[in-house]
Peer 1: 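Structure provided below as structure tokens; questions to follow.
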Number of protein chains: 4
Amino acid sequence: MGLEATEAGPDEKAGEIVDGEGIAAEQLGRFVERIERLEEEKSAIATNVKEVYAEAKSQGFDPKIMRKIVRLRTMDPHEVDEEEAMIHLYKKALGMGA
Amino acid sequence: MGLEATEAGPDEKAGEIVDGEGIAAEQLGRFVERIERLEEEKSAIATNVKEVYAEAKSQGFDPKIMRKIVRLRTMDPHEVDEEEAMIHLYKKALGMGA
Amino acid sequence: MGLEATEAGPDEKAGEIVDGEGIAAEQLGRFVERIERLEEEKSAIATNVKEVYAEAKSQGFDPKIMRKIVRLRTMDPHEVDEEEAMIHLYKKALGMGA
Amino acid sequence: MGLEATEAGPDEKAGEIVDGEGIAAEQLGRFVERIERLEEEKSAIATNVKEVYAEAKSQGFDPKIMRKIVRLRTMDPHEVDEEEAMIHLYKKALGMGA
DNA sequence: AAAAGGTGTTGCGTAC
DNA sequence: GTACGCAACACCTTTT
């Protein structure tokens, strides 16, 4: 189904919802509404996250560090260790952190 | 409050949670947990959004266009019109879209 | 100067470059051309960067680690140390990396 | 080739570039230097782009619109037209822009 | 394996 | 001078 680009049919001049595509239009509308509802929720939560960081900052914590911590905690500890080991190895090869 | 970099105090060798900073540590833990909870919710919703787009696509709709539509609908119509007018003006000045 | 939204003047029907705004149009064109030229160069260089990473990867190096290395090298070493210290501090407060 | 995680060999205490990996280390160094050189160029050009936008703005042009214009010009005009047609179609189906 | 779209982060310009 | 908001950048996942 879906919408296909067509030359405007005779129904258009009636100003009604495009006839033959009526079903598709309704379907599309439902999809868009579902998406918008979800996006609103997502946006609200994103706002909440920001507020928590702001509150933490006002208490003297560093949001930037906190973000790194949160990211670290979502990762597999083993992965983190391996990555750190690799970084140290590369740094040594480049004569960094002598 | 918050955490400040300090020279290791006498408590550290006990391996305990840093003493005088105990309160701050608890505070930090609560902030991080709140954030993680919110991020989980956000992630779940993002997954839902993707699913709706996927379902719409399976019905023949173009997700890329749908995303633009959703974006347009979130904007103030008046703003959109003004911006479009400006774009047309600039395009004309550049001889585009002749 | 610049372009202002105006009701279409009488010059428009001649299909010529908008009259009274001719100077602004030329100016705009020069700005846009300068930008496009620069963007092309930038894009070309970005491609080169990707190619170097790809070549390194084909030699057995890990591009992800390399990117972190490059970023580290651009930073002030002192800043890097401070940040790491803070991360360790926060991790300890949260009982991470036990 | 590349670097593999290894226990530090006896060469390390000589303070020299890790022995058996010497070739890989040199290779890595060359890759990193090439990347850094390219990144510097890219950064310089990005600065130039910003300057042009700033200059244009000081002449009364709207940088935001200019950015959209530049983006439009990089796209295939045919693609742009098709996309616009689709958007109009979807908008009509949703009763937008009546 | 390559490409594209989405997401998160960082840096810049602006307004207060 | 500081804090906010926006826009470019880089990363990553997913798709073709």
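Each chain gets a letter, A, B and so on, in the order the sequences are listed, and its residues count up from 1. Note that the structure is a prediction, hence the values are computed from the model and not measured.
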Peer 1: Of the options E36(B), E40(B), E39(B), which is the one that meets R73(A) in a salt bridge (Lys or Arg N to Asp or Glu O under 4.0 Å)?
Peer 2: E36(B)
Peer 1: Just so I know, are the side chains of Y53(B) and N48(B) near enough to count as touching, which here means a heavy-atom distance under 4.5 Å?
Peer 2: no
Peer 1: Just the rounded figure in Å: distance from P of dG13(E) to CE of M66(D).
Peer 2: 15 Å
Peer 1: Under a 4.5 Å cut-off applied to non-hydrogen side-chain atoms, are Y90(B) and V32(C) in contact?
Peer 2: no
Peer 1: Nearest whole Å is fine: how far is dT10(E) C1' from D76(C) CG?
Peer 2: 17 Å
Peer 1: Less than 4.5 Å apart, side chain to side chain, heavy atoms only: is that true for E83(B) and K64(D)?
Peer 2: yes
Peer 1: As an exercise, state the distance from CZ of R67(A) to CG of D62(A), rounded to the nearest 0.5 Å.
Peer 2: 10.5 Å
Peer 1: Whole Å only: how far is the CG atom of N48(D) from the P atom of dC12(E)?
Peer 2: 14 Å
Peer 1: Between dA10(F) atom P and L38(D) atom CG, what is the distance in whole Å?
Peer 2: 12 Å
Peer 1: Are any of the side-chain heavy atoms of I65(C) and L89(A) separated by less than 4.5 Å?
Peer 2: no
Peer 1: Atom CE of M75(A) and atom P of dG8(E): how far apart are they, to the nearest Å?
Peer 2: 13 Å
Peer 1: Within the pair R67(D) and dC6(F), is there a side-chain N or O less than 4.0 Å away from OP1 or OP2?
Peer 2: no
Peer 1: Between residues 49-57 of chain D and DNA chain E, which residues have a heavy-atom gap below 4.0 Å?
Peer 2: K50(D), K57(D)
Peer 1: Do E41(C) and R37(C) have side chains that get closer than 4.5 Å, going by heavy atoms?
Peer 2: yes
Peer 1: For DNA chain E, which consecutive runs of 3 or more Watson-Crick or G-U pairs (each distance under 3.5 Å) count as stems?
Peer 2: E:1-16 with F:1-16
Peer 1: Could you say whether R71(A) or K64(B) is positioned toward the 5' end of DNA chain E, judged by the nucleotide with the nearest heavy atom to each?
Peer 2: K64(B)
Peer 1: Which part of the nucleic acid, if any, lies within reach of K68(C) when heavy atoms closer than 4.0 Å are counted: base, sugar-phosphate only, or nothing?
Peer 2: nothing
Peer 1: Whole angstrom is fine here: how far is it from CD1 in I35(C) over to C1' in dA7(F)?
Peer 2: 14 Å
Peer 1: Whole Å only: how far is the CD atom of E39(D) from the P atom of dG11(E)?
Peer 2: 13 Å
Peer 1: Taking it one step at a time, do L28(C) and I69(D) satisfy side chain to side chain contact (heavy atoms under 4.5 Å, CB included)?
Peer 2: CA-CA 11 Å; L28(C) 178 61; I69(D) 292 290; over 6 Å; no
Peer 1: Side-chain contact test, heavy atoms from C-beta onward, threshold under 4.5 Å: evaluate it for E51(B) versus E55(B) and give yes or no.
Peer 2: no
Peer 1: Starting at CD1 of I69(C) and ending at P of dA10(F), how long is that distance when rounded to a whole Å?
Peer 2: 17 Å
